[in-house]
> 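Input: one structure, supplied below.
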Amino acid sequence: MKILIKNAEIFLAGKLVKKDLLIDRKRIAKIEAKLDEKADKVIDAKGCCVFPGFIDLHAHLRDPGQTYKEDIVSGTKAAAKGGYTAVCAMPNTEPVTDNIASVEYIQLRAKEHGSARVYVVGALTKQSMGEEISEMATMKSGGIVAVSDDGKCVQNARLMLSCLRYAANFQIPVIIHPEDYALAGKGQIHGGKVATQTGLSGISGLAEEVIIARDIMLAESAGARLHIAHISTTRSLELVRAAKEKGLPITCEVTPHHLVLTEEACLTFDTNTKMKPPLRSEKDRLACVQALKDGLIDCVATDHAPHADFEKEREFDHAPFGIIGFETSFAVLYETLVLGKKMDLRTLVDSLTIRPAKVLNLPGGEIKVGVVADLNIINLKEKTLFTKDSIVSKSKNSPWLDREMSSRVKYTIVGGNISYQDA
Ligand SMILES: [Zn+2]
């Protein structure tokens, strides 16, 4: 199959360059000023940009076990609609992805029916119970890219040290969801001024920070590779800065919602503003934006966390934490950060492509001749109304419902095949 993309602005080495691009046998075969090859499909991408496919290090596909929320087919379709060509599936499925058979199930399903590549993250502890180390070495031989108990956090420092030593031994990166349960308590939103105003119970930033401080120390002692999920506070960033300055192999990610929204969003009592970690203060948000810009935060990850309407449409205290993210990630970031003049387009695109690829040593993330054709085509000027009906994900739990989005994904191409096409 040959695909010829004509008249596009192609993102090459950080710059947009007007060229044509030919995909042949799954790879990018030619990038030239003008191409007139015969192709099975010609895409006139006038007015659009071609970016490397986005890579998401943090997604919940809910398959197996909670397929009423999402499954591998719907989840990867939603990912492709958002311009993603690869996503990492977190292991908090039912049963938990803590063994090779579960890893293989996800890989096979994704390979046969997925619209994006799926990399599997295995559990750090058995059933993510935080009691016993998982069979991570066996899972690594099956192709997991990292281990994590995401959604949960190992509270026992001694066990965490053992996990990190074990992971270090087999050179498996460990992704942490930093949350001290005692400090987080039954908190619903950020423990700041909006918690005081609304009477909703707060989660102190300390709940995140003490675990980050602990795990940096433990990872240093174990010689492990640590990746911190969804970082969200100013002090967490200071801890990461100190660790990086020391030369420790520590990386971190931030979600689109922590870059775009603050605790103020919770004043609506919309349960789609309830997530973990909670939306923080404006000061924290700005610190995260700056840290992403200067490279202290390595990349953006969605933490796509689907929940059904009947679960989210409850009193705030009883609704589950989390929101979907694939289909809005680029658009909300482009609007707030690039159009809002907080960072340039290159920094944003790198944060979604080459930078996450580097964190877990994944393929992809750039456009050049010879690489596998994982890319998307986006019109940055076209608006999209983001409605419930337009959502491809099985779940609709987004704080951006009925909002106009700046930009529109026109095509997503994975391995030279069109996996999403705007109707
Ligand atoms: Zn998490």
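Predicted model only: the values in this text are computed from it and were never measured. Order of appearance sets the numbers: ligands from 1, and atoms from 1 within every ligand. Along the sequence shown, residues are numbered consecutively beginning with 1.
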> Check this for me: does any side-chain nitrogen of one of Arg62 and Glu94 sit under 4.0 Å from a carboxylate oxygen of the other?
no
> Out of Asp374, Ile55, Val414, Asp56, which one pairs with Tyr84 under the side-chain contact (heavy atoms from CB on, under 4.5 Å) rule?
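With Tyr84 as partner, Asp374, Ile55, Val414, Asp56 yield a single side-chain contact (heavy atoms from CB on, under 4.5 Å), made by Asp56.
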> Look at Arg403 together with Glu335 and state whether they make a salt bridge at an N to O cut-off of under 4.0 Å.
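Salt bridge between Arg403 and Glu335, a charged N being under 4.0 Å from a carboxylate O: yes.
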> Closer than 2.8 Å to the Zn ion (ligand 1), do we get an N, O or S atom from His230, backbone or side chain?
yes
> Strictly under 2.8 Å, is any N, O or S atom of Asp150 next to the Zn ion (ligand 1)?
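Yes, Asp150 qualifies, because one of its backbone or side-chain N, O or S atoms lies under 2.8 Å.
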> Would His258 and His230 satisfy ring pair (Phe, Tyr, Trp, His ring centres under 6.0 Å), going step by step from the backbone distance to the final call?
CA-CA 8 Å; His258 288 104; His230 42 58; 7.4 Å; no
> Please name the atom of His177, restricted to N, O or S, that is closest to the Zn ion (ligand 1).
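In His177, the N, O or S atom with the shortest distance to the Zn ion (ligand 1) is ND1.
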